[in-house]
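In what follows, every heavy atom counts, from backbone to side chain, and hydrogens, waters and symmetry copies are set aside.
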Amino acid sequence: MSRRAEEVRGNVIAVTLLLAGGIIMVAPFIWMVSTSLKLPADQYSRSLIPPIFTLANYHDIWTIMPLHTMLWNSLKIALIATFGQLLTCSMGAFIFAVTRFRGRDALFFLLLITLMVPQQITTIPQFILFKWLGLYGTQVPMYLPSFLGGAFGTFLLRQYFKTIPIELAEAARIDGASLLTIYWRIYLPLAKPALAAFAIFAFMFSWNDLFTALIYLPSDMQTTTLPVGLALLQQQYAGKWTLMMAAVLISVAPIIVAFLIAQKQFIEGISMSGFK
Amino acid sequence: MADWLGRVSRGIAFASSVLWCSTALADTELRMTLFGGPVDIAVWQKLSADFEKTHPGIKLKVEVNDWDSYWEKLRVLVAGGTAPDVFAMDASNYPDWQARGALLKLQPFVDAEPDLLKGVFPISLEAYKTPDGYYGLPRDIQTIALFYNKDMFDAAGVAYPTDNWTWDDLRAAAKQLTKDKNGDGTIDQWGLFAELIDMEVFWSSVLWSYGAEIVDGKNGKTLIGSAEAMKAWNFIAGMVLDDKSIPTSEQLRQFGLDGFQAGVTAMSVTGHWSVPDYTPATFKWGVAPMPKGPVERATSINSAGFTISSTTQHPKEAWELLKFAIGPHAQEELAQVGYAIPIQEVITASPAYLVQEKAPIDHKLFVDALAYAHLKPVFKGYEEWASAVGDALHRAWSGEIPIADAINEAVAAGDDVLANNR
Amino acid sequence: MSSTLKPLRGERAGLLLLLAPTLLGLAIGVFGSVLATLALSFFDWDMLTPIKWAGATNYTSLPHDRMFSVALVNTTLFSLIYVPLTLAIGFAVACLMNRHIRGISLLRALFFLPVVSSPTAVGLLWSWIFAQDQGVLNSFITAFGGNPVNWLGPKVILYSVVIVNVWGAIGEGMIVFLAGLQAIPRELYEAARVDGATAWQRLVHVTLPAMVPSLFFQGVLSTIHAFQAFDYIYMLTRLSNGNSTFPTLVFSVYRTGFRFFRMGDAAAQAVVLTVIIALFTLFYIRIQKKFGAEA
């Protein structure tokens, strides 16, 4: 069998399997969209196509709660946080993956431990710390920690950096490149797919962070973020699924956009095909 | 008559606020937090403007969060030393906060204005009384009543619930209204939607109506295992397990938990807070008092309230705000939102409460229920106790263990919690 | 691939500069989170009154805490099924996705959607799927002559929550593995082809060894997720008193601390939880070393 034929056959099998799986994965989402387009009276109707189409739910949310200031607050915070995470996690990950120094592995394991401790217990000590720093009531606690690395991103990028052949770094060093240059000129450009993947996660973590926004920001519509507003909406309209679904869809749309932007990097990664 | 009373009380409120103004000195900022939804934000936007107008020199900031978020945030804020000046409280949680010194003692203020609480329903004050005086005051009342779906009763040819119904009447009707309408062998319409884990809407009222008591918080005794209580439990178990006329929470999950609102149960026992949720329903519905038990007719009363932080910098201003929040003007506005019963007797007799355009039902019934209402138990460690008892009950309702065993388990676990919270 | 650079003398400054944010964050994380939790576990603290020394009583009372014991068993069983399942499915999906076909990016987006769907929003739908009487799953089963299953009942709930959580996590694993697959040089596959390796042999000898770092990452992360699983499980098993018919460890930590005002007991539970995850991680590191890669 020719290479080409084998590849085509492989693609056909893969796409068939993925399509079948994709239906299961996407069904709940389609149903959310469909519910958000139904009249409240049809909310328990199990037909996927709304008996009567309506956009009223999207309109109603805006009259109940002006979501745009909260959307803007969330977006601003998420973008700053994502930037901070990409920068500082990749820096730490580079050091953990590429260099060798005393206590490196112990330090890295300690970093992992911070990821394992459930955060509920230490909310109050951390709150007191931020208050002491004078940052309570501002949006700073929402993104400042993102500029201090973090176990998840450092771990993810370190694992990826380890797959980049060290010879590249060694060759650059012989040419007189410093660590900083190797990080910036070699590792970051080669890690585009991993950085893109991590960017999605970092954006999503910040976007969905209800708890920090709840604790550190005054809960008024001007300063707070979208998850706090959604929780409020849920309280009063718990049984109104058509309205809730519209609200949820508005809130996840930016993450889907972020995903679509970021995954372009995956494709570029493929066409670059390794490290020629 | 009622209208006249309302006008007088508003006049008094206005006069007292004018009087107060003359003593106000510096500009202060007050912060108040409460649980609720977008509706509460809208009401308080208006109310805080009114408050600032009658209290020059005070700036008021109100923050509203959903129930779960509210308590999370409040714990961190109070523990972190940034408590809001005034914050909403639920009677059930009140002792846990009061006993730990988080709340300002209000008794001196109350003593200074002996007429303040004159028009307030005495039973609503009961929950906030401590041996030491008041540390909080109620802002609304919730009593429980029986809601019924008229369309379902008509279709089944069953007579509507009356004032004279007993629990046995309810059980018989519920059984008749439990049906397999499409004939596929499984029930798709149930007689009664009743929350079976938490005590407030159903089982506390049944226990009281059988002459039983629930808890003796002072002496750390869980009383739901008495002989009278067991009769009540057997009645409920009969409906849940034998008649299957009350759907389980697993069955209800697919209908968004409130089976009455979803149109799959013919009756519901719940408080006035459900009225705005039920109002847009496509079916016709009505309300009736809770049915009578062998010993008496009973319902549960619970009050949300307001408290002042023990660390506030502005106790005097905070007290003015609290007075405003439970006073006639704010109460009238809140009555129109339709979730609760006002604590001011005059307002419950005024059109602001009785005539709610969106919900043309007998609102007076919820106030009349005060005559036979029992206070929902208020004691330290409530939430943990309710959790322990609820877990045991769930095992009975899901058929895992017999009700008698579940109650033994509940009493033992409940007493443990009470012992730890003495 | 496992060798590293040893910083030269003049590079110490650069190393410290790159590591500085991480070190600062780590210091705060270790003191503010790890040590604070450990310290709190030896005290009684209700958040509102001053803390009191408790010795080891918070630990010795753990076995008597019924909710904690149930949560410990639930979470362990859940993790043992959930972790291998998400790893295997996520990896398989990523391998299938890792090709250059028109429109594949759309398919990737489909698999990612569950990750962004809010648990509360899809909760109702899952309740329809699992419903005992007219649920989607039971309709299928009865159509083929089987007996309806009580999916949310005490016997089957474990598997039901595993299904929902795996469904919600496949997209995440897919992204991590896809990023890892991008890093494998095409030349390796070409060389294997020239040597006449079958697709299976290429998977075992080229893909898997190169993916050890990603698998290790996803293994640790899934274990952490599994032991900290909460929202999907809560939404399917929530009771009206705020309890859950399938309590998990973080649920118990949260409830004991925040709702019952027993932060010291909650901290002790959190320490136990952390130790369990850490033991799993050490176990993964050993496996990884067996496969010749560096941790």
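For the set Leu107(A), Leu156(A), Leu110(A), the entry with the most heavy-atom pairs within less than 4.5 Å of chain C is Leu156(A). Ranked by non-hydrogen atom pairs under 4.5 Å with chain A, the options Cys95(C), Gly32(C), Gly171(C) are led by Gly32(C). Ranked by heavy-atom pairs shorter than 4.5 Å toward chain C, the options Asn11(A), Ile255(A), Leu180(A) are led by Asn11(A). Chain A forms the most heavy-atom pairs under 4.5 Å with one residue out of Thr274(C), Leu18(C), Thr37(C), and that residue is Leu18(C).
Side-chain contact check for Ile121(A) versus Ser41(C): every heavy-atom pair is 4.5 Å or farther apart. Side-chain contact between Gln159(A) and Ser214(C) is absent, with no heavy atoms from C-beta onward closer than 4.5 Å. Looking at heavy atoms from C-beta onward, Thr22(C) lies out of side-chain contact with Thr88(A) at the 4.5 angstrom threshold. When side chains are defined from C-beta on, Leu221(C) counts as touching Phe155(A), because their heavy atoms get closer than 4.5 Å. With contacts defined as side-chain heavy-atom distances shorter than 4.5 Å, the pair Leu26(C)/Thr114(A) qualifies.
In this structure, chain A has no heavy atom under 4.5 Å from any part of Ile129(C). Of the atoms belonging to Ile124(A), it is side-chain heavy atoms, and not backbone ones, that fall under 4.5 Å from chain C. For Gln269(C), no part lies near chain A; criterion is any non-hydrogen pair under 4.5 Å. Both the backbone and the side chain of Leu111(A) come within contact range of chain C, each with at least one heavy atom under 4.5 Å from a heavy atom of that chain. Only the side chain of Val252(A) comes within less than 4.5 Å of a heavy atom in chain C; its backbone stays farther off. No part of Leu249(A) comes within reach of chain C, as not one of its non-hydrogen atoms sits under 4.5 angstrom from that chain. For chain A, the nearby parts of Ile277(C) are the backbone and the side chain; heavy atoms of each come within less than 4.5 Å. In this structure, no portion of Leu87(A) lies under 4.5 Å from any heavy atom of chain C. Of the two parts of Ile28(C), only the side chain, counted from C-beta on, holds a non-hydrogen atom closer than 4.5 Å to a non-hydrogen atom of chain A. Only the backbone of Ser178(A) comes within contact range of chain C, judged by heavy atoms closer than 4.5 Å. Looking at Phe258(C), the atoms closer than 4.5 Å to chain A (heavy atoms on both sides) all sit in the side chain, from C-beta outward.
The structure places CE of Met204(A) at 7.0 Å from CD1 of Ile175(C), a figure rounded to the nearest 0.5 Å. Note that the OG1 atom of Thr122(A) and the CG atom of Leu38(C) stand 12.5 Å from one another [nearest 0.5 Å]. Going from atom CD of Gln228(C) over to atom CG of Leu115(A) covers 7.0 Å, rounded to the nearest 0.5 Å. Expressed to the nearest 0.5 Å, how far CD1 of Ile285(C) lies from CG of Asp105(A) amounts to 8.0 Å. Distance check: Ile224(C) CD1 to Met116(A) CE gives 5.0 Å after rounding to the nearest 0.5 Å. With rounding to the nearest 0.5 angstrom, the CG atom of Leu18(A) is 4.5 Å from the CE atom of Met97(C).
For Phe29(A) and Phe112(C), the ring centers are positioned 6.0 Å apart or more.
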**Request:** Report the C-alpha distance between Phe109(A) and Thr281(C) in whole Å, list the side-chain angles of each, state the deciding distance to 0.1 Å, and finish with yes or no for side-chain contact (heavy atoms from CB on, under 4.5 Å).
**Result:** CA-CA 9 Å; Phe109(A) 194 71; Thr281(C) 306; 4.0 Å; yes

**Message:** One pair to check against side-chain contact (heavy atoms from CB on, under 4.5 Å): Glu172(C) and Phe201(A). What are the steps and the verdict?
**Reply:** CA-CA 9 Å; Glu172(C) 225 176 275; Phe201(A) 287 123; 3.1 Å; yes

**Prompt:** Can you list the steps and then say if Met25(A) with Leu113(C) is a side-chain contact (heavy atoms from CB on, under 4.5 Å)?
**Reply:** CA-CA 7 Å; Met25(A) 302 303 281; Leu113(C) 283 177; over 6 Å; no

**Asked** Can you check side-chain contact (heavy atoms from CB on, under 4.5 Å) on Met91(A) and Leu19(C), steps first, answer last?
**Response** CA-CA 6 Å; Met91(A) 284 159 58; Leu19(C) 204 54; over 6 Å; no

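Leu273(C) and Pro118(A) make their closest contact through CD2-CG, 3.6 Å (heavy atoms, listed as atom of the first residue, atom of the second, distance). What you find for Gln126(A) and Ser33(C) is that their closest heavy atoms are NE2-CB, 4.2 Å. The two residues Leu260(A) and Ala109(C) come nearest to each other via the heavy atoms CD2-CB, 4.1 Å. Shortest non-hydrogen contact noted between Thr163(A) and Ala210(C) is CG2-O, 4.0 Å. Across all non-hydrogen atoms, the minimal contact from Leu15(C) to Phe101(A) is CD1-CD2, 4.0 Å.
Under the ring pair (Phe, Tyr, Trp, His ring centres under 6.0 Å) rule, Phe217(C) has a single partner from Phe198(A), Phe152(A), Phe161(A), Tyr160(A), which is Phe152(A).
Using modelled atom types, no side-chain atom of Gln120(A) and backbone atom of Gly257(C) make a donor-acceptor pair closer than 3.5 Å.
Within a 6.0 Å sphere centred on CD1 of Ile24(A), other residues, nucleotides and ligands contribute 12 heavy atoms or fewer.
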